[in-house]
Amino acid sequence: TAEGTVDDRHLLVVALRRLLGHLGNGAQVLVAVDDEQWIDAASATVLMSVLAGLNPPAVAVATSRRLDDASPLLRPADGMPWPRQIDLGPLGLGATRRLLHDRFGSGWSQMLVRRIWERSAGNPFTALELARAVTSHRAEPLPDSLPLGSLEETLRNHVATLRPGARTAAMVTAVLGRPTVAAIKRVAQAADVAVDVDGALDAGVLVSAGRAGDVEFSHPLLAEAVLSSLSPSMRRRLHVAAAELAGSPAERAIHLAELAEEPDESLAQSLETALLAFGPTAAPETTVPLAERALAVTPPGEPSRFRRRLLLVDMLLAAGDDTRARTEVDHLLADAAPGRQRADALWRAYEASGHVDLTNALADLERALSELGWTGSETPGIPPEDMPLAAEIMHAYIALLGINSSQLDRAQQVARDWWAYAAAHLTNEELLTATVSRAQIEMLTDPVAARTLLEPWRDTDPASTYVYGWPRLWLGLQDMWHGHL
């Protein structure tokens, strides 16, 4: 997964860039992304960062996406050539006929092929599923008058016509995600159901994937069709079995979350604990639904609701879903108590804003600092436990002030006041942030002063401590030290 801390993503970018360079070794490499509309924001960011540092003639990129979806996540970075777009139209009648003959053999009349082509609108997946439904009638020759349903109805019928063991194997796979064959059989045994994985593979519903033994659905829409076919009792039965055999508390909590029928603070706490146990490298398709579920099962009026909504916002921001994050931030601001809660909410509002409106962004950060006790005077009263958050907010605040030349004097004064306070009150990590914040402002008018500030930190190991935005801070520190800026 591409999700994780800034450090993790930086290391992943470096590793992938070197891998692509090694694969090329004098030859051109093509990076292909099929169905780009399903890529997650974190992976898209990493891939674009990787490609931005490579020589375009050596590495080419080809992506496919539906034109009716939202703006693409894979967009060229500065300095990269804008991609050439090739519009692929629907399959023609002749191409659809060849597709059906190649996949299912002969016996297709001109009338029936035309009906399938018209109903599928030239979409090959839809055409194949409609044709599969037609061939299940096992008539020779295939009658022209056979009914053709919608794609959703066709997929449901496809699942329903599987042999019982194959259908149950598909159900277990839908519950587990992307399991091994062994995991499917263990859960089936615990749930006291019979499965036929080979039957599901032969039917084309499941396919082998990744490591030896892993299986997944041949198409995401088939997974949705299987999940929609699960009865409440079967869904509960399979999730209970999966929870009993889970290899970690986090995995167990995911399955228990599916069993919740009413608010339950104990379950909500288990889900929150599980979410935190995943760590920063967990994929957003796992963390976001888990955070949503933890909030959903938290009883109304519980103080923990604010904390769990805050956690959901963090997961949405990490996933790159700023639009939904802003919606949740509105709830945070409405529910936040004065002090730390309101500061947390205002900081997330800033992170989700995209920093488009500089005036409003500065106002939000000023209010957040005020909520934490920073008054700009010589005797601010920030509680020790709030120092890490204050350091993050102040770093962003000083950086925004420094962007506006008319605010440079104020930026210098705030940076100096904050650094003086940090030297007396902050831990090593926050003091480093405060030092770089001040140095970045001082270097605009006094590079010698900036160099003097940074000199005690020149041997700091970037892997030994985590500072907000660390790779950018570290590279800035190094560039300033070596006189590159």
Side-chain angles (χ1 to χ4, degrees), residues 1 3-6 8 40-42 177 235-236 239-240 242-243 246 248-353 364 367-368 371-372 383 385-393 466 468:
T1 174
E3 187 51 55
T5 65
V6 180
D8 293 329
D40 62 275
R235 182 188 295 269
R236 182 176 185 83
H239 277 296
V240 167
S248 68
E251 185 182 349
R252 181 174 183 273
I254 289 175
H255 293 292
L256 291 179
E258 296 295 330
L259 306 177
E261 298 177 353
E262 57 186 19
D264 184 334
E265 174 60 21
S266 177
L267 176 58
Q269 181 60 56
S270 297
L271 295 176
E272 181 182 354
T273 302
L275 182 60
L276 297 174
F278 272 114
T281 58
E285 55 264 31
T286 297
T287 57
V288 170
L290 196 56
E292 290 174 328
R293 195 62 177 158
L295 178 62
V297 300
T298 303
E302 280 286 339
S304 55
R305 283 190 65 84
F306 181 86
R307 183 179 71 246
R308 289 175 189 141
R309 193 181 297 279
L310 196 68
L311 191 57
L312 173 58
V313 170
D314 287 342
M315 297 301 105
L316 291 170
L317 289 172
D321 194 346
D322 291 354
T323 301
R324 286 189 58 205
R326 285 192 289 270
T327 299
E328 295 297 333
V329 163
D330 290 340
H331 293 294
L332 283 177
L333 290 170
D335 298 338
R340 174 59 188 261
Q341 282 194 357
R342 182 158 291 276
D344 270 321
L346 289 167
W347 173 237
R348 270 52 172 210
Y350 164 78
E351 289 190 299
S353 68
D364 282 343
R367 290 166 56 201
E371 292 288 345
L372 292 176
E385 63 273 15
D386 293 341
M387 288 296 187
L389 177 62
E392 292 187 42
I393 297 174
Y466 178 76
Y468 176 73

Quiz prompt | Residues which pass salt bridge (charged side-chain N to carboxylate O under 4.0 Å, His left out) with E302, listed by chain and number, not counting sequence neighbours | solution = none

Self-check item: Set of residues satisfying salt bridge (charged side-chain N to carboxylate O under 4.0 Å, His left out) with respect to R307, sequence neighbours excluded
Solution: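 Per chain and number, R307 pairs via salt bridge (charged side-chain N to carboxylate O under 4.0 Å, His left out) with E272.
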
Quiz prompt | Side-chain ion pair, R340 and D344, N-O less than 4.0 Å | solution = yes

Could you grab the distance from atom [atom1] of [X] to atom [atom2] of [Y], nearest 0.5 Å is fine?
X: Q341; Y: L310; atom1: CD; atom2: CG; answer: 8.5 Å
X: T327; Y: D322; atom1: OG1; atom2: CG; answer: 11.0 Å
X: R348; Y: L312; atom1: CZ; atom2: CG; answer: 11.5 Å
X: R342; Y: L333; atom1: CZ; atom2: CG; answer: 6.0 Å
X: L295; Y: M315; atom1: CG; atom2: CE; answer: 13.0 Å
X: E265; Y: S270; atom1: CD; atom2: OG; answer: 9.5 Å

Of all heavy-atom pairs between [X] and [Y], which one has the smallest distance, and what is that distance?
X: T287; Y: L275; value: O-CD1, 3.6 Å
X: A336; Y: A345; value: CB-CB, 4.3 Å
X: A352; Y: A325; value: CB-CB, 4.2 Å
X: G339; Y: E371; value: N-OE1, 2.7 Å

Quiz item: If you count the non-hydrogen atoms of other residues, nucleotides and ligands that lie under 6.0 Å from CZ in R326, is the total more than 12?
Solution: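 Atom CZ in R326 is crowded, with more than 12 foreign heavy atoms closer than 6.0 Å.
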
Quiz item: Does a sphere of radius 6.0 Å around CD in E262 hold more than 12 heavy atoms from other residues, nucleotides or ligands, not counting ones at 6.0 Å or beyond?
Solution: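 Count not over threshold, so no.
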
Quiz prompt | R305 (side chain) donor-acceptor with T298 (main chain) under 3.5 angstrom | solution = yes

Quiz item: Quick one: are Q269 and R308 in side-chain contact, heavy atoms under 4.5 Å?
Solution: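 Heavy-atom side-chain distance check passes, below 4.5 Å.
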
Quiz item: Would you say the side chain of L346 lies within less than 4.5 Å of the side chain of I393, judging by non-hydrogen atoms?
Solution: no

Practice problem: Check the pair T323, D321 against side-chain contact (heavy atoms from CB on, under 4.5 Å), reporting the backbone distance first and the verdict last. | Solution: CA-CA 6 Å; T323 301; D321 194 346; 4.1 Å; yes

